[in-house]
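Notes follow the structure.
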Protein chains: 2
Amino acid sequence: MPKPALLLPVPASPPGRVQRVTKESTRDKVYSSLRNAILSGRLHCGERVKEIPLAEELGVSRAILREAMQQLVHEGLLESNSYRGARVIELRPEQIDEIVEARILLEGRAVRLAAERIHNAQREELNAFEKQLQREKDPLRVGQFDFRLHQRIWQISGHATIEKLLIQLTSPLFAMSLLMRSKENRDHHASSPLPRGTHKRLIEAICQGTPNDATRELEAHLTENWTAIRRRVAEFIAREEAEKL
Amino acid sequence: MPKPALLLPVPASPPGRVQRVTKESTRDKVYSSLRNAILSGRLHCGERVKEIPLAEELGVSRAILREAMQQLVHEGLLESNSYRGARVIELRPEQIDEIVEARILLEGRAVRLAAERIHNAQREELNAFEKQLQREKDPLRVGQFDFRLHQRIWQISGHATIEKLLIQLTSPLFAMSLLMRSKENRDHHASSPLPRGTHKRLIEAICQGTPNDATRELEAHLTENWTAIRRRVAEFIAREEAEKL
DNA sequence: GATTGTCGTATTGTCGACAATACGACGAAC
DNA sequence: GTTCGTCGTATTGTCGACAATACGACAATC
């Protein structure tokens with residue numbers, strides 16, 4: 001039985017209508033493909049990533065794949081030891097604490113700026129996004145919506161440096177929470193839904209242009225959300241350790 | 001006339017006394033070498049970085065060099081456009097503002113933690129460092145000492161995530177301030193020394209274990225320091241623009 | 001004289017092959 | 001039975017060569 005493809009092969013560059021100005025290099029396509037694979041759970045946390053099979057699956061040379069992987073290592077989604085290969089990262093609870101702490105600092109400023117600078121069109125967009133998020137039932141898609149919603153807020157803040165740092169900081173977090181959900185589904189553990197009330201209040205604060213409220217709501221939102229995830233990660237790791245012995 | 005070597009060729013792996021456990025790969029050596037070259041001003045901001053000559057100078061293949069450069073691009077020290085090569089970054093004043101703002105957020109927390117967690121041995125180390133910094137006359141070396149001192153503080157904070165972000169964030173800043181100094185020396189502009197009073201008070205606050213003072217002193221230190229640099233960058237860019245026309 | 005088309009070259013993007021290393025299996029010594 | 005040495009294989013690290021692209025120079029056209 002042919003195993004299901006984990007990754008989509010890199011598509012030949014689509015013939016843009018007017019010869020696209022910014023040609024995307026193969027490396028960038030491989031990078032995006034790999035990143036998506038991790039951030040959508042097709043490559044799950046802790047999984048070994050071998051170069052030759054992956055290069056074949058993607059239809060590119062190992063050199064290119066290595067450059068893309070290099071980038072993901074630097075971004076914190078992969079970790080590699082020399083001659084011992086690369087794996088998708090697996091965060092320890094203490095690391096999650098650190099990341100969330102840094103995230104609160106940076107995103108606190110981002111939502112403050114967003115509340116100060118938001119336009120009417122963006123207000124509508126955020127509200128629409130939030131309604132969509134409320135309607136969504138599938139927990140996996142809820143997580144992805146959540147991620148994209150936050151990213152949009154960072155964009156609205158207009159602070160490119162903080163935006164970049166936040167993307168880098170939260171990607172491993174997102175991958176890990178994804179792993180939690182899929183493992184919990186597989187093992188038939190209760191998969192409690194994300195708390196969404198704080199989410200709504202955060203959006204409202206940003207749209208109403210009240211920076212202090214926005215920052216406060218963000219802190220509440222993140223701590224509430226991630227103490228739960230953190231506990232689950234700890235339990236998950238404990239279970240894994242137990243299985244090993 | 002043979003031009004002076006910008007980079008030291010990558011040395012063959014020195015035969016460690018007991019066969020070092022962590023073998024440094026060629027890529028890592030190339031990465032460090034290149035990074036040092038930028039952060040010590042041997043490769044100056046805005047300079048084009050060509051792969052073939054550089055690979056020959058370093059005595060490695062282009063593939064390896066590309067992987068190392070890739071990493072520096074992600075770190076923000078190089079910027080590259082497809083088929084148009086890579087250059088050392090050149091920050092615009094607005095970017096400096098953004099970086100310093102993010103830095104204050106993160107380093108504010110770092111010095112707070114450092115003040116809470118510092119040990120006696122580390123207190124002495126910081127004080128010694130600070131005295132050394134006071135004695136130093138060469139402005140270039142002052143900058144390097146300053147950078148290392150801050151890095152040591154981040155380490156003492158024990159927050160690995162914030163430390164990593166800060167290194168990434170400040171490297172381009174440091175490279176740019178270096179460029180300023182060397183250009184100013186060359187063009188015989190006045191090169192005003194860094195203000196050091198705030199520096200001393202910051203160290204004292206950390207050593208005395210007063211987190212609030214430490215955070216406040218840090219903010220003073222950074223804003224004082226970087227508004228100066230920012231102004232100089234703006235003037236420098238203005239001069240360059242004028243030369244072009 | 002300015003604009004546009006063509007081409008050559010310098011440089012980067014991509015690839016396949018070879019060298020070096022880690023890790024597990026297997027067998028020998030105690 | 002356990003420990004240690006040896007070796008084979010799977011996998012990564014490194015390299016040199018070929019293909020694709022950008023950019024400037026030069027010629028042709030209006």
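Here is the naming used below: chain letters follow the sequence lines, and residue numbers restart at 1 for every chain.
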Fill in the blank from the handout: Across all chains, not counting sequence neighbours, the side chain to side chain contact (heavy atoms under 4.5 Å, CB included) partners of A/Ser177 are A/Phe174, A/Trp226, A/Ile229

Exercise for the section: Measure the distance from CD1 on B/Ile52 to P on C/dT12 and round it to the nearest whole Å. Expected result: 7 Å

Handout entry: Distance-only side-chain donor-acceptor flag, B/Ser25 / B/Asp28, under 3.5 Å
Key = yes

Handout entry: side chain to side chain contact (heavy atoms under 4.5 Å, CB included) against B/Gln151, all qualifying residues, sequence neighbours excluded
Key = B/Phe147, B/Arg148, B/Trp154, B/Ile167

Kindly give the atom pairs (protein nitrogen or oxygen, nucleotide nitrogen or oxygen) under 3.5 Å for nucleotides 16-18 of chain D.
none

Problem - Short side-chain N/O contact to D/dT12 OP1/OP2 from A/Arg48, under 4.0 Å - result: yes

Exercise for the section: Can you tell me the distance, in whole Å, between the CZ atom of A/Arg27 and the C1' atom of D/dA20? Expected result: 15 Å

Problem - Results of side chain to side chain contact (heavy atoms under 4.5 Å, CB included) for B/Ser32 - residues two or more places apart only - result: B/Glu24

Practice task
Sequence neighbours left out, what passes side chain to side chain contact (heavy atoms under 4.5 Å, CB included) with B/Arg92? Give chain and number order.
Solution key: B/Glu94, B/Gln95, B/Ile237

Exercise for the section: Could you tell me the separation between the CD atom of B/Gln70 and the C1' atom of C/dT12, rounded to a whole number of Å? Expected result: 13 Å

Exercise for the section: Round to a whole Å and report the spacing from OH of A/Tyr83 to P of C/dA19. Expected result: 13 Å

Exercise for the section: Sorted by first residue and then second, give each salt bridge (charged side-chain N to carboxylate O under 4.0 Å, His left out) pair with at least one member in residues 71-81 of chain B; sequence neighbours left out. Expected result: B/Arg35-B/Glu75

Fill in the blank from the handout: Here the salt bridge (charged side-chain N to carboxylate O under 4.0 Å, His left out) pairs for residues 63-74 of chain A, sequence neighbours left out, are A/Arg27-A/Glu67, A/Glu51-A/Arg66, A/Arg66-B/Glu67, A/Glu67-B/Arg66

Completion exercise
Regarding the side chain of A/Ser82, the nearest nucleotide among D/dT11, D/dG13, C/dT12 is D/dG13

Exercise for the section: Provide the full list of salt bridge (charged side-chain N to carboxylate O under 4.0 Å, His left out) pairs with a residue in residues 149-171 of chain B, sequence neighbours left out, each pair given once. Expected result: B/Glu125-B/Arg152

Completion exercise
Rounded to whole Å, the CG-C1' distance (B/Asp28 to D/dT14) equals 14 Å

Completion exercise
Rounded to whole Å, CD of A/Glu67 lies from C1' of C/dT14 at a distance of 9 Å

Problem - Atom-to-atom span, CG of B/Leu65 to P of C/dG13 - whole angstrom - result: 11 Å

Problem - Separation of D/dC15 C1' from B/Leu54 CG (nearest whole Å) - result: 16 Å

Exercise for the section: Compare side-chain N and O positions of A/Arg84 against OP1 and OP2 of D/dT11 and report whether any pair is under 4.0 Å apart. Expected result: no

Completion exercise
Closest non-hydrogen contact found for A/Ser80 with A/Val73 is CB-CG2, 4.3 Å

Between the protein and nucleotides 6-8 of chain C, are there any N/O to N/O pairs under 3.5 Å, and if so, what are the atom names and distances?
none

